[in-house]
Amino acid sequence: MSDPFGGSSGDKSLWMVGLQVKIRTMQEEDVEGEVFCYDNITSCVVLQENPVPTSASKGRNIRIIRTDYIKDLQVITSPTQDPNPTLVLPAVNASRIRVREEVAVQ
């Protein structure tokens with residue numbers, strides 16, 4: 001079994017969000033897509049197979065692949081933009097959430 005990271009621990013920083021990759025699995029299946037996220041605890045990478053839906057596609061295919069099932073890995077392109085680690089999320093309206101919860105419980 002080959003390790004695409006080049007060792008037992010490997011360089012997990014390879015899984016940068018937005019990176020375009022082509023993966024060959026141990027079952028000889030080729031998967032190409034954009035890195036959506038990487039989970040260090042489960043050693044799984046999540047890929048969007050078609051990150052920009054076209055009029056012919058109905059949506060996005062998401063693939064979750066354990067890194068120990070990856071036989072070969074090719075980086076196609078770097079992310080088009082840097083991930084924003086200081087992303088500000090909108091405020092949560094707690095009273096609105098409580099109302100929705102009460103309606104759901106009834």
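Residue numbers run from 1 in the order of the sequence given.
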| message | Within the 4.5 Å heavy-atom criterion, are Cys44 and Arg66 side-chain neighbours or not? | response | yes

| Sequence neighbours excluded, every pair satisfying salt bridge (Lys or Arg N to Asp or Glu O under 4.0 Å) that has a member inside residues 17-30 | Arg24-Glu28, Arg24-Asp30, Glu28-Lys71, Glu29-Arg63

What donor-acceptor contacts under 3.5 angstrom involve side-chain atoms of residues 96-105, with partners at least two apart or in another chain?
none

| Linking Ile, Leu, Val, Met, Phe, Trp and Tyr through side-chain heavy atoms less than 4.5 Å apart, which residues share a cluster with Ile64? | Phe36, Val46, Ile62

| side chain to side chain donor-acceptor pair (under 3.5 Å) against Glu32, all qualifying residues, sequence neighbours excluded | none

| message | List the residues meeting side chain to side chain donor-acceptor pair (under 3.5 Å) with Thr77, not counting sequence neighbours, and say none if there are none. | response | none

| request: Kindly compute the distance separating OH (Tyr69) from CD (Gln27), expressed to the nearest 0.5 Å. | output: 8.0 Å

| task | State the OG1-OH distance between Thr67 and Tyr38, to the nearest 0.5 angstrom. | result | 4.5 Å

| message | Closer than 3.5 angstrom, by distance alone: can the side chain of Thr25 be matched with the main-chain N or O of Ile70 as a donor-acceptor pair? | response | no

| If Ile, Leu, Val, Met, Phe, Trp and Tyr residues are connected whenever their side-chain heavy atoms lie under 4.5 Å apart, and connections chain through other members, are Val75 and Leu47 in the same group? | yes

